[in-house]
Amino acid sequence: MARIVDRRGLLTATAFGAAGLAGLGLVTNDRMSRAFVDTAEGLTLRAQRLILARRPLAREFATEQISSTFPVNGTSVPGGDAYKRMLETGFADWRLKVHGLVQRPLSLSLPQIRALAARSQITMHACDEGWSAVGAWRGLPLGALLMLAGMMPGARYIVFHCLDRKQENGRFYYESIDLFDAFHPQTILAYDMNGKPLPEAHGAPLRLRVETQIGYKNAKFVDRIEVVSALTSFGDGRGGWWEDFDNAVWYAGQ
Ligand SMILES: Nc1nc2c(c(=O)[nH]1)N[C@H]1C(S)=C(S)[C@@H](COP(=O)(O)O)O[C@H]1N2
Ligand SMILES: [Mo]
């Protein structure tokens, strides 16, 4: 990054270098960081291209292969009146919040989310409790949403805060993934399942589909997405409800 040729060359070089460094958590220099803030948009774009370079796609299936029954696991309906009211009103007052290390915090209604670019995919969900099922999902690519919000250079992880408080310990379900998984093209926030609006038991109004990971990483009832630099301040600091409660591994890639 020493050779400054012209503005465009500089931006390219800076953003490209920043993407690699930021992705690896190696940004330490203050002067560098400031330059990265200036080019955060280009940074995000290049980070995405860079980090996706060697990521394989999860297998996708044909319509005939969709499972006739898809088990419900974990919370089937969040307790309390708030969720009941959401169901009654068709989630009219629900908003997906995107906040934390973003340039533009977002608050989006379901129709607004549906109006954005969508991706459809038929994939296999595998739960570590010993079952799997194939389902069709349609939703908003998480990467597109993060680009819309504009990530800040310190961003390292994406945390999903859910609407359900777990009976086992009274804590809200949450999960987190790194930027590799966040910008994976098959990582979507699904609002449709098997051609219909996401059923309540499968996480309405919105659930994460992170096809590179096993069951519990696929957060249901997502309410809030937080972009963070570290996971230590959430729950017991292990990055997810199952990770905290039962020592489940954080990186559950399959
Ligand atoms: N909010 C929330 N998300 C969750 C869970 C949960 O209890 N609450 N359970 C997880 C587990 S262990 C699995 S296997 C899947 C189950 O998704 P399904 O009910 O659509 O099959 O959701 C995951 N996401
Ligand atoms: Mo699971």
Heavy-atom check, side chain of [X] versus side chain of [Y], under 4.5 Å:
X: V159; Y: L231; value: yes
X: W137; Y: T123; value: yes
X: Q213; Y: Y251; value: yes
X: L163; Y: V222; value: no
X: L145; Y: L96; value: yes
X: R165; Y: Y173; value: no

Before giving the answer on salt bridge (charged side-chain N to carboxylate O under 4.0 Å, His left out), spell out for K220 and D164 the whole-Å C-alpha distance, their side-chain angles and the decisive distance to 0.1 Å. CA-CA 9 Å; K220 307 196 280 188; D164 56 320; over 6 Å; no

Taking only residues two or more places apart in sequence, or in another chain, which ones meet V249 in a side chain to side chain contact (heavy atoms under 4.5 Å, CB included)? Y216, A252

So, using side chain to side chain contact (heavy atoms under 4.5 Å, CB included) as the criterion, who are the partners of Q65 when residues are at least two apart? R59, F61, A62

Using distance alone, with no hydrogens and no angle criterion, decide if [X] and [Y] have a side-chain donor and acceptor under 3.5 Å apart.
X: R224; Y: H99; answer: yes
X: W241; Y: D246; answer: no
X: T187; Y: D181; answer: no
X: W250; Y: S176; answer: yes

Spell out, as yes or no, whether a donor-acceptor pair under 3.5 Å connects the side chain of E226 to the backbone of G100. no

Main-chain N/O of F180 paired with D178 side-chain donor or acceptor, under 3.5 Å: yes

Value rounded to 0.5 Å, distance of [atom1] in [X] from [atom2] in [Y]:
X: R114; Y: L108; atom1: CZ; atom2: CG; value: 13.5 Å
X: R119; Y: R138; atom1: CZ; atom2: CZ; value: 11.5 Å
X: N218; Y: E175; atom1: CG; atom2: CD; value: 9.0 Å
X: I225; Y: I158; atom1: CD1; atom2: CD1; value: 8.0 Å
X: F160; Y: F234; atom1: CZ; atom2: CZ; value: 12.0 Å
X: F221; Y: L208; atom1: CZ; atom2: CG; value: 13.5 Å

Would the F172 and H161 ring centres measure less than 6.0 Å apart? no

Run the side chain to side chain donor-acceptor pair (under 3.5 Å) test on H184 and E211 for me, step by step, so that the C-alpha distance in whole Å, both residues' side-chain angles and the decisive distance to 0.1 Å come before the verdict. CA-CA 9 Å; H184 189 281; E211 308 295 356; over 6 Å; no

Take N247 and W242 through the side chain to side chain donor-acceptor pair (under 3.5 Å) test and state the conclusion after the steps. CA-CA 7 Å; N247 262 325; W242 274 111; over 6 Å; no

Working note: Y174 + D244, criterion side chain to side chain donor-acceptor pair (under 3.5 Å); need CA distance, chi angles, decisive distance, verdict. CA-CA 10 Å; Y174 78 102; D244 288 341; 2.6 Å; yes

